[in-house]
Amino acid sequence: MLKPCFVFILIWLLCCSGRAQTAEGSVLERDSALVAYYKKCKANLKSPVALDMCDTLLQMGKEKKDTYVQVISECLRLDYYYYRNDEANIIKHVDIVKATSRRLNHLKYFYFLWGSRLITYYVKQHKVNLAIYEAKKMLQSAQNDNYYPGVAECYHVLGKIYVTQSNPQLAYENFRKTIDIIEKYQIPEINLPTIYTSMAQCALELKHYDEAEEALEKALPLAHSPYQNYTVRKGFVLYYLDKNDLENARKYLQEVEEMFQKYKELSVYVVGLYYIKIEYYRATKQYGKALEMIYNTMNDSTPLRSKYMDYSLTQKLGNIYWDMNNKEKAAGFYREYIEATDSIRTKEIQNSATEFSSIMKVEQLKNEKNELQLSVQQEQLQITRLVLAFLVVLGALGTFLFFRFYKLSKRLKVSEAIVTEQNKELKEFAEELGKAKERAENVSLMKTNFIQNMSHEIRTPLNSIVGFSQLLTSYYEDNQETKEFSSIIKTNSKNLLRLVNDVLDISYLDQTDELPYNTTVEMNCCCLNVIDSVKTMIKDGVEFKFNPPCTELMVKTNSDRLFQILTHLLQNAAKFTEQGSITLEYALNESEQQIVYRVTDTGKGIPKDKQDFVFERFAKLDDFTQGTGLGLPICRLVAEKLGGSLLIDDSYTQGCRFILTLPLVRA
């Protein structure tokens, strides 16, 4: 889960994203009168006359046939409602801007306003389901338009959404996709440094320090404006604080303070400065200064502050007093924080229900619209068919129809004769197939009976040989040579017995379409039983690892066959691993309803060109290595009969990794 401090910073950045981004584009390079009036409109967005001024700017753009200014005027009108949190008018004017920008071929604002106004508004109002719903629609639209700036904007918005939902992994992945698209298609993006910084903070939360440092290093030379330089350096402060490098953290904090003194326009972001100073003072145990910064933040009148920031600051007060060993005061702040956040959670749950209801209504309206359109199309098609049929009837001559009928009747008689003959041949062929099937079943049954009888006949003397070899050893305990010979007899008898068992097993599997999958087991216990059965085979110096993803997992499976596959894979790993480690692990793929087992070793591995060969029957990479060459084919066959698969991970090069995939059926 994201740290509250990280969510605090990202929520604050989200609140000021409307100010950090601009829709000016190249309007400053246009007609001077338009530029002057545009700036006047923007400066008066909070004034009641703003809407009339937007109408005037729109009319000026139409008179000068400047489509760019026409779109910009609609964008400013939307911003008027956006900064007033007027949801109904935001939704209405987002649709207007989208329609205008698409009509006038300015897709940049089509996606910019969709993501940075409508979706960002939903996130600020904690309507996350609606935000994600709109983001998915936006991504599909951008992909259909093949408009990569729109795709990048969508991934950027998704990244910010997942940040607010305390999901650093998905946030990081979406910021990474945003940057990849921008760099791949060389999209001009003035906010690239801040995107790098957001990605770095996600990586930092995931403890991927190298990736966080790399992102910040890339952002630094790209930062040109005071805001961008401040954002990147703030990221460095948090990075070094997390790594407990207080010296470097102090250095970057000092640079940020100097920037606030030099650039007065940064004063609107003073809450961010207070925040990193709080973190620095707490890390350096300067608790008095940290408390002073918190109270400064609480008393700040910057309009970018939100209730969430106040709750986070309350929690920070509790943390600092706890560090100061003032448990009673800390408990008071913690209680205040819990009560406040509980009310937020209740509101978010209520919002979620309302959002889902809204989404369902929208989808229902879409379906009704589609059904209506389909109905109209069907009626039009039916009318067209009737008209065509009427014209055909009028244009056809009676004599032609009679001639056609006579010709078709003649062809029909010929066809009937051909079909009758073919039916007769098919019946004869079906009878022959039935007989062939019966013969094949008899042959298969004979083969099975033969293998079972021979297996029994071979097992009995083999067991006798093993028993007598053990008896010889007990009789001649002092005779080393006799003990060695009896050991050889015993080992080879067991190998031959295993071969017989494998042949019998593979014969049974060939006759079986599927295996039962209904035994309830606790997965961790099952894996531990497998490990116990092969522990004695593991060589000295080889570490065995078992990494279960959960403490208890009850599933339905075929425990005997699962034990057979995992035991064989671990025995193979133990046989070919001289040093390093052997790892057994499993993971759940809920979306595909699968459970995936992995057996990984650091042995000599299997060459890529032989990874399919080893699953062939009686296949062996080394003829001098013990084994029948049937183990892996049997394991794959069992996996397929259970509805899964068994393969080798060709991307793993430190040894060998087998991946067993089976259906996930919870008990």
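We use all heavy atoms of the structure for the numbers below, so side chains are in, but hydrogens, waters and symmetry mates are not.
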Are E257 and K277 side-chain neighbours, meaning at least one heavy-atom pair lies under 4.5 Å? yes
For the ring pair Y111 and Y147, is the centre-to-centre distance below 6.0 Å? yes
Is the side chain of D79 donor-acceptor paired with the backbone N or O of Y82 at a distance under 3.5 Å, no angle test? no
Applying side-chain contact (heavy atoms from CB on, under 4.5 Å) to C154 and V151, what does each step give before you reach the verdict? CA-CA 5 Å; C154 187; V151 176; 5.7 Å; no
Working to the nearest 0.5 angstrom, can you tell me the gap between I294 CD1 and Y275 OH? 10.5 Å
Please check if any side-chain donor atom of Y239 sits under 3.5 Å from a side-chain acceptor atom of E213, or the reverse. yes
Worked check of side-chain contact (heavy atoms from CB on, under 4.5 Å) between M523 and L562: CA-CA 10 Å; M523 186 50 60; L562 177 60; 4.0 Å; yes
Begin from the C-alpha positions of E590 and R666 and carry the test salt bridge (Lys or Arg N to Asp or Glu O under 4.0 Å) through to its verdict. CA-CA 11 Å; E590 299 285 359; R666 294 186 181 273; 2.4 Å; yes
If you count heavy atoms of other groups shown closer than 6.0 angstrom to CG of N248, is the number above 12? yes
With a 4.0 Å cut-off, would you call K207 and D242 a salt bridge? yes
Take atom NZ of K327 as the centre, draw a 6.0 Å sphere, and report whether it contains more than 12 heavy atoms from other residues, nucleotides or ligands. yes
Nearest 0.5 Å please: distance from the CD atom of E640 over to the CG atom of L662. 11.5 Å
If every non-hydrogen atom of G150 is compared with every non-hydrogen atom of M138, which pair is closest and at what distance? O-CE, 3.8 Å
Donor-acceptor contact present, side-chain N229 to main-chain S225, <3.5 Å: yes
Would you say I582 and E543 make side-chain contact, with heavy atoms under 4.5 Å? no
Of the non-hydrogen atoms in S559 and T519, which two are nearest, and what is the gap between them? OG-CG2, 3.7 Å
With no hydrogens and no angle check, is any side-chain donor or acceptor of N558 less than 3.5 Å from a backbone partner on R561? yes
So, applying ring-ring contact (aromatic ring centres under 6.0 Å, His included) with F260, which one of Y274, Y269, Y227, Y230 is it? Y230
Before you tell me yes or no, could you show the steps for Y196 and N191 under side chain to side chain donor-acceptor pair (under 3.5 Å), namely the whole-Å CA-CA distance, both residues' side-chain angles and the distance that decides it to 0.1 Å? CA-CA 9 Å; Y196 264 119; N191 289 315; over 6 Å; no
Would you say the side-chain atoms of Q169 pair up with the backbone N or O of L206, donor to acceptor, closer than 3.5 Å? no
Taking only Lys NZ, Arg NE, NH1 and NH2, and the carboxylate oxygens of Asp or Glu, determine whether K316 and E279 approach each other closer than 4.0 Å. yes
Considering all heavy atoms of both residues, which atom of A249 and which atom of L241 are nearest to each other, and what is their separation? CB-CD2, 3.8 Å
Calculate, to the nearest 0.5 Å, the distance between atoms CG and OG1 belonging to L313 and T297 respectively. 5.5 Å
State whether a side-chain donor-acceptor pair under 3.5 Å links T284 with Q286. yes
Decide yes or no for Q201 and K234: does some side-chain heavy atom of the first lie under 4.5 Å from some side-chain heavy atom of the second? yes
Taking the side chain as every heavy atom from C-beta outward, state whether L569 and L646 have any pair of such atoms under 4.5 Å apart. yes
Distance-only, no hydrogens or angles: does the Q125 side chain make a donor-acceptor pair with backbone N or O of K127 under 3.5 Å? no
Under the salt bridge (Lys or Arg N to Asp or Glu O under 4.0 Å) criterion, do K285 and D323 qualify, and how do the steps go? CA-CA 8 Å; K285 303 187 185 305; D323 292 342; over 6 Å; no
Please give me the minimum heavy-atom distance between P226 and M259, naming the atom from each residue. O-CE, 3.2 Å
Would a distance-only check, ignoring hydrogens and angles, find a side-chain to backbone donor-acceptor pair under 3.5 Å from S141 to K137? no
Polar side-chain atom of S116 near backbone of L113 as donor-acceptor pair, under 3.5 Å: no
Out of curiosity, K289 NZ to I320 CD1, how far, rounded to the nearest 0.5 Å? 13.5 Å
Contact check, side chains of T661 and Y597, non-hydrogen atoms, under 4.5 Å: no
Is there a side-chain contact between T600 and Q654 (heavy atoms, below 4.5 Å)? no
For G115, is there any backbone N or O sitting under 3.5 Å from a side-chain donor or acceptor partner on T120? yes
When every non-hydrogen atom of A203 is compared with those of A212, the smallest separation belongs to CB-N, 3.8 Å
Lys/Arg cation over aromatic Y209: K243, 6.0 Å, 45° cone: yes
Check the pair E134, Y122 against side chain to side chain donor-acceptor pair (under 3.5 Å), reporting the backbone distance first and the verdict last. CA-CA 9 Å; E134 289 292 335; Y122 282 143; 5.0 Å; no
So, are R250 and E247 salt-bridged, with charged N and O less than 4.0 Å apart? yes
Would you say that V599 contacts N572 through its side chain, given a criterion of any heavy-atom pair below 4.5 Å between the two side chains? no
Are a donor atom and an acceptor atom from the side chains of D180 and T178 found within less than 3.5 Å of each other? no
Among Y287, F333, Y334, whose ring-ring contact (aromatic ring centres under 6.0 Å, His included) with Y321 holds? F333
Examine distances only and state if a side-chain atom of T602 and a backbone atom of S581 form a donor-acceptor pair shorter than 3.5 Å. yes
Of all the heavy-atom pairs spanning P663 and G644, show the shortest one and how long it is. CD-N, 4.4 Å
Would you sort out whether L664 and L588 count as a side-chain contact (heavy atoms from CB on, under 4.5 Å), showing the intermediate values? CA-CA 8 Å; L664 173 60; L588 306 180; 4.1 Å; yes
When rounded to the nearest 0.5 Å, the distance separating NZ of K251 from CG of D245 is 10.0 Å
Less than 4.0 Å between a side-chain N and a carboxylate O, is that true for R657 and D601? no
Do the side chains of K177 and E173 get close enough for a salt bridge, i.e. N-O under 4.0 angstrom? no
Partner of F658 by side-chain contact (heavy atoms from CB on, under 4.5 Å), out of D649, L647, I606, L566: I606
Please check if the side chain of S198 supplies one atom and the backbone of K160 the other of a donor-acceptor pair under 3.5 Å. no
Could you walk me through whether T557 and Y517 pass side-chain contact (heavy atoms from CB on, under 4.5 Å), step by step? CA-CA 5 Å; T557 184; Y517 203 83; 3.6 Å; yes
Can a salt bridge be assigned to the pair E255 and R233 using a cut-off of 4.0 Å between side-chain N and carboxylate O? yes
Roughly how far, to the nearest 0.5 Å, is CD1 of I278 from CE of M293? 7.5 Å
Heavy-atom side-chain proximity of L192 to I179 below 4.5 angstrom: yes
Taking CD in Q140 as the centre, count heavy atoms belonging to other residues, nucleotides or ligands within less than 6.0 Å. Is the count above 12? no
